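Encoded as structure tokens, the structure appears first; notes follow it.
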Amino acid sequence: MAVIEWIRFLAGAGFMLMGLGIFAIEMIGVFRFRYVLNRMHAAAMGDTLGIGFSLVGLMIISGWNFTTLKLFLVIVFLWFSSPVSSHLIARLEVATDEEKEKHYRVVPLKELERELETQQEEKDEIVAKARKEDE
């Protein structure tokens, strides 16, 4: 029985260490990126994955009980709320950014459709040439 407890403890500690590593990588990304949307993306993705790993590690260490259910519900709540809040903050940044041209390029829908059609035509030509070579 003690062996199973040690295996469970090591597995839980491994997940918690992975979560800690993801948090460290997230912090590097937050401090290295210059634009707010890049920083926010690094923070949101790192938080979601890091918290998920850390809480799964705690669930493994805790075993099957009511605390495990609560930790699982925290994971579910965070996995739904973190992307939504990040999206809303990103929309606010895009709507209030005074220097849009400095940070990103605004592409009208018609121009994007033309680019996609051109790319599709190029792919079709490549496929047609490959078929002719095979024959």
Side-chain angles (χ1 to χ4, degrees):
M1 194 64 154
V3 174
I4 295 173
E5 293 293 324
W6 271 104
I7 291 172
R8 195 169 78 186
F9 173 75
L10 292 174
F15 273 99
M16 290 177 68
L17 287 174
M18 284 191 289
L20 186 63
I22 290 169
F23 284 135
I25 293 169
E26 166 197 349
M27 285 296 107
I28 292 169
V30 166
F31 287 115
R32 297 249 335 181
F33 290 131
R34 296 174 194 246
Y35 184 49
V36 67
L37 291 180
N38 296 340
R39 288 180 176 182
M40 187 193 62
H41 182 71
M45 297 302 289
D47 281 346
T48 303
L49 192 59
I51 288 172
F53 273 124
S54 298
L55 291 178
V56 166
L58 289 174
M59 288 170 60
I60 291 171
I61 290 172
S62 176
W64 291 104
N65 54 24
F66 192 62
T67 304
T68 305
L69 175 64
K70 289 191 264 186
L71 289 171
F72 176 74
L73 292 175
V74 168
I75 291 173
V76 170
F77 174 75
L78 289 174
W79 278 35
F80 281 116
S81 64
S82 182
V84 172
S85 63
S86 297
H87 179 74
L88 291 175
I89 293 170
R91 287 187 64 161
L92 177 68
E93 167 60 26
V94 168
T96 60
D97 191 9
E98 295 176 358
E99 300 176 345
K100 292 181 181 181
E101 294 79 22
K102 181 179 177 183
H103 299 295
Y104 52 88
R105 180 173 68 117
V106 178
V107 180
L109 185 59
K110 293 291 182 185
E111 183 181 330
L112 185 61
E113 288 174 348
R114 275 186 264 132
E115 286 181 20
L116 290 174
E117 287 174 1
T118 304
Q119 289 176 358
Q120 186 61 39
E121 289 172 0
E122 291 173 358
K123 287 180 185 177
D124 291 342
E125 289 175 7
I126 292 171
V127 168
K129 288 180 183 178
R131 285 183 182 165
K132 287 180 181 179
E133 291 176 2
D134 288 342
E135 293 174 354

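All values derive from a computational prediction rather than experimental measurement.
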In Å and rounded to the nearest 0.5 Å, what is the CZ to OG1 distance from Phe72 to Thr67? 15.0 Å
Minimum-distance pair of heavy atoms, taken over all atoms of Met40 and Ala90: CE-CB, 3.3 Å
Indicate, with yes or no, if Phe77 and Phe53 share a hydrophobic cluster defined by side-chain heavy-atom contacts under 4.5 Å among Ile, Leu, Val, Met, Phe, Trp and Tyr. yes
Ignoring hydrogens and angles, write down the donor-acceptor pairs under 3.5 Å from the side chains of residues 114-122, residues two or more places apart or on other chains.
{"unit_1": "Thr118", "atom_1": "OG1", "unit_2": "Arg114", "atom_2": "O", "d": "2.8"}
{"unit_1": "Gln120", "atom_1": "NE2", "unit_2": "Asp124", "atom_2": "OD1", "d": "3.1"}

Those residues that, when tested against Ser86, pass side chain to side chain donor-acceptor pair (under 3.5 Å) (two or more places apart): none
More than 12 heavy atoms from other groups under 6.0 Å of OH on Tyr35: yes
Please answer: with hydrophobic residues joined when any side-chain heavy atoms are less than 4.5 Å apart, are Val94 and Val36 in the same cluster? yes
Would you check if the side chain of Asn65 reaches a backbone N or O of Thr68 as a donor-acceptor pair within less than 3.5 Å? yes
Mind checking ring-ring contact (aromatic ring centres under 6.0 Å, His included) for Trp64 and listing every partner two or more places apart, or none if nothing turns up? none
Please list, chain by chain and in numerical order, all residues satisfying salt bridge (charged side-chain N to carboxylate O under 4.0 Å, His left out) with Glu5, sequence neighbours excluded. Arg8
Measure the spacing between CZ of Arg32 and CZ of Arg39 and express it to the nearest 0.5 Å. 12.0 Å
Show me the side-chain donor-acceptor pairs of residues 14-25 shorter than 3.5 Å, one per line, residues at least two apart or across chains.
none

For the student: nearest non-hydrogen atoms of Pro83 and Phe80, plus distance: CD-O, 3.8 Å
Can you confirm whether the side chains of Ser82 and Thr48 place a donor and an acceptor under 3.5 Å from each other? yes
Point-to-point distance, once rounded to the nearest 0.5 Å, from CG of Leu78 to CG of Leu55: 7.0 Å
Following the transitive rule for hydrophobic clusters with a side-chain heavy-atom cut-off under 4.5 Å over Ile, Leu, Val, Met, Phe, Trp and Tyr, establish whether Val76 and Trp79 coincide in one cluster. yes
Please walk me through it: do Ile75 and Met59 pass side-chain contact (heavy atoms from CB on, under 4.5 Å)? CA-CA 11 Å; Ile75 291 173; Met59 288 170 60; 3.8 Å; yes
Pairwise salt bridge (Lys or Arg N to Asp or Glu O under 4.0 Å) hits with a residue in residues 46-70, at least two apart: none
I'd like to know if Leu58 and Leu49 are part of one continuous hydrophobic network [Ile/Leu/Val/Met/Phe/Trp/Tyr, side-chain heavy atoms within less than 4.5 Å]. yes
With hydrophobic residues grouped by side-chain heavy-atom distances under 4.5 Å, do Ile7 and Ile4 end up in a single group? no
Closest non-hydrogen contact found for Ala13 with Ile61 is N-CD1, 4.1 Å
